[in-house]
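What follows is a set of notes on a single structure, which appears directly below.
This structure is a prediction, so every number in the text was calculated from the model and none was measured. All chains are named by letter (A, B, ...) in the order of the sequence lines, taking the proteins before the strands, and each is independently numbered beginning at 1.
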Amino acid sequence: MPELPEVETSRRGIEPHLVGARIVHAIVRNERLRWPVSQEIISLSDQPVLSVQRRAKYLLLELPAGWIIIHLGMSGSLRVLPEALPPAKHDHVDLVMSTGKILRYTDPRRFGAWLWSRDLTASNVLAHLGPEPLSEAFSADYLFAKSRGRRTPVKPWLMDNKLVVGVGNIYASESLFVAGILPDRAAMALSYEEAALLVKTIKAVLLRSIEQGGTTLRDFLQTDGKPGYFAQELQVYGRGGEPCRVCGAPIESVKHAQRSTFFCPVCQK
DNA sequence: CCTAGACCCTGTACGC
DNA sequence: TGCGTACAGGGTCTAG
């Protein structure tokens, strides 16, 4: 589910409820997520939250003794509840705050993670990640240089976290449509101008989606329970067989590494 | 190094 | 109504 815009939307939603408050304790109802929930989280007691940050698709809660690293996986979401309410089936983790509010983590598929790291620079999950797409490090020069010699189709290439983080299945298809580049083009076949356009487009698409609160397809919700509204602006994702919003040609789909890719065979070259 | 595939898990949509 | 199949926003691991 959550790509960078959805994780950033979650970060912005939870930050004002956490920073300045204390975690009284955590309630872990099911510790069997992508990896077992770290023992340090299970045994948390009375810790202030110093900051709420994001790296790639990971949320980072800064505590005095270390960091809670949260990943939403495919189906995870976070809600801020005004008070303790009875948990539903897939409500696996609560953080009980000193304000009485509850940060509740729901994740039907349990591909997400709740990990503890005393020192982020030593964190396995954060090591070897590529640049943030909205940072200056993700530039035309960078993307073009990285593309040289790469035969991989550009779509799955963009989803490689070592190249750039945060671009998942939705935004890879959407960005390539807006940039007018076919998803099957080999990365090494991009011209410098195309790489530059792609960088600019990825940033613009991600920023626009963040403005809209992300994309809700099925289970993603903003932390106040509202859906993300970028779904209404999707150009190609999930629209196989429907007319292109620009030229009217039927949107086509192909598979790359078991993931669906959508594109317009006329607008993209 | 690169690339493709299987796999983790549950829910939902669809064809019969 | 039921059953079997395919598919779903991510990431890791293995094999070639």
The side chain of [X] lies closest to which of these nucleotides: [options]?
X: A/I170; options: B/dT3, C/dG11, C/dG9; result: C/dG9
X: A/R109; options: C/dG9, B/dT10, C/dG11; result: B/dT10
X: A/N169; options: C/dG9, B/dT10, B/dA4; result: C/dG9

task = Take the angle between the ring planes of A/Y58 and A/H71 and call it parallel below 30°, perpendicular above 60°, tilted in between.
result =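 Aromatic pair A/Y58/A/H71 classed perpendicular.
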query = Would you say the side-chain atoms of A/D184 and A/H256 include a donor-acceptor pair closer than 3.5 Å?
reply =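 On atom types as modelled, these side chains qualify, holding a pair under 3.5 Å.
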ask   = Is there a donor in the side chain of A/K101 and an acceptor in the side chain of A/H17, or the other way round, less than 3.5 Å apart?
value =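 Distance-only check passes for A/K101 and A/H17.
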Kindly say if [X] contacts the phosphate of [N], meaning a side-chain N or O under 4.0 Å from OP1 or OP2.
X: A/K255; N: C/dA6; value: no
X: A/H90; N: B/dT10; value: no
X: A/R110; N: B/dT10; value: yes
X: A/S75; N: B/dG11; value: no
X: A/T215; N: C/dG9; value: no

Separation of [N] [atom2] from [X] [atom1] (nearest whole Å):
X: A/D160; N: B/dT3; atom1: CG; atom2: P; result: 9 Å
X: A/H92; N: B/dC9; atom1: NE2; atom2: C1'; result: 9 Å
X: A/L4; N: C/dG11; atom1: CG; atom2: P; result: 10 Å
X: A/R259; N: B/dG5; atom1: CZ; atom2: P; result: 14 Å
X: A/R239; N: C/dG9; atom1: CZ; atom2: C1'; result: 18 Å
X: A/K89; N: B/dC9; atom1: NZ; atom2: C1'; result: 12 Å
X: A/H256; N: C/dG10; atom1: NE2; atom2: P; result: 15 Å
X: A/F262; N: C/dG9; atom1: CZ; atom2: P; result: 8 Å

message = With nearest nucleotide decided by heavy atoms, which residue, A/G149 or A/Q258, maps closer to the 5′ end of DNA chain B?
response =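 Residue closer to the 5' terminus by nearest nucleotide: A/G149.
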query = DNA chain B: A/P153 or A/R32, which has the more 5' nearest nucleotide?
reply =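 Of the two residues, A/P153 wins.
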query = Stems in DNA chain C: runs of 3 or more consecutive Watson-Crick or G-U pairs, distances under 3.5 Å?
reply =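 The stems that DNA chain C takes part in, listed by first number, are B:2-8 with C:10-16, B:10-16 with C:2-8.
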Could you tell me whether a side-chain N or O of [X] sits under 3.5 Å from a main-chain N or O of [Y], the two making a donor and an acceptor?
X: A/S173; Y: A/F262; value: yes
X: A/E132; Y: A/A56; value: yes
X: A/R239; Y: A/Q235; value: yes

ask   = Honestly curious: do A/M159 and A/M188 fall in one hydrophobic cluster under the side-chain, below-4.5 Å linking rule?
value =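 Different clusters: A/M159 never reaches A/M188 through Ile, Leu, Val, Met, Phe, Trp or Tyr contacts under 4.5 Å.
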key: Co-membership, hydrophobic cluster, residues A/L44 and A/I69, 4.5 Å side-chain   =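 Result: no, two separate clusters.
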query = May A/F111 be described as stacking on the base of C/dG10, applying a 5.5 Å centroid limit and a 30° limit on plane angle?
reply =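 Here A/F111 meets both the 5.5 Å and the 30° conditions.
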ask   = Which is true for A/K162 with a 4.0 Å heavy-atom rule: it touches a base, it touches only sugar-phosphate, or it touches nothing?
value =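 Counting heavy atoms under 4.0 Å across all strands, no contact is made by A/K162.
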Just the table, please: protein N/O against nucleotides 12-14 of chain C N/O, every pair under 3.5 Å.
from   : atom 1 : to    : atom 2 : distance (Å)
C/dT12 : O4'    : A/R34 : NH2    : 2.6

Atom pair CD1/CG of A/I23 and A/L63 - distance to nearest 0.5 Å =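 It comes to 5.0 Å.
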ask   = Would a 4.5 Å heavy-atom cut-off, applied to side chains only, mark A/E194 and A/R185 as touching?
value =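 They are in contact (side-chain heavy atoms under 4.5 Å apart), so the answer is yes.
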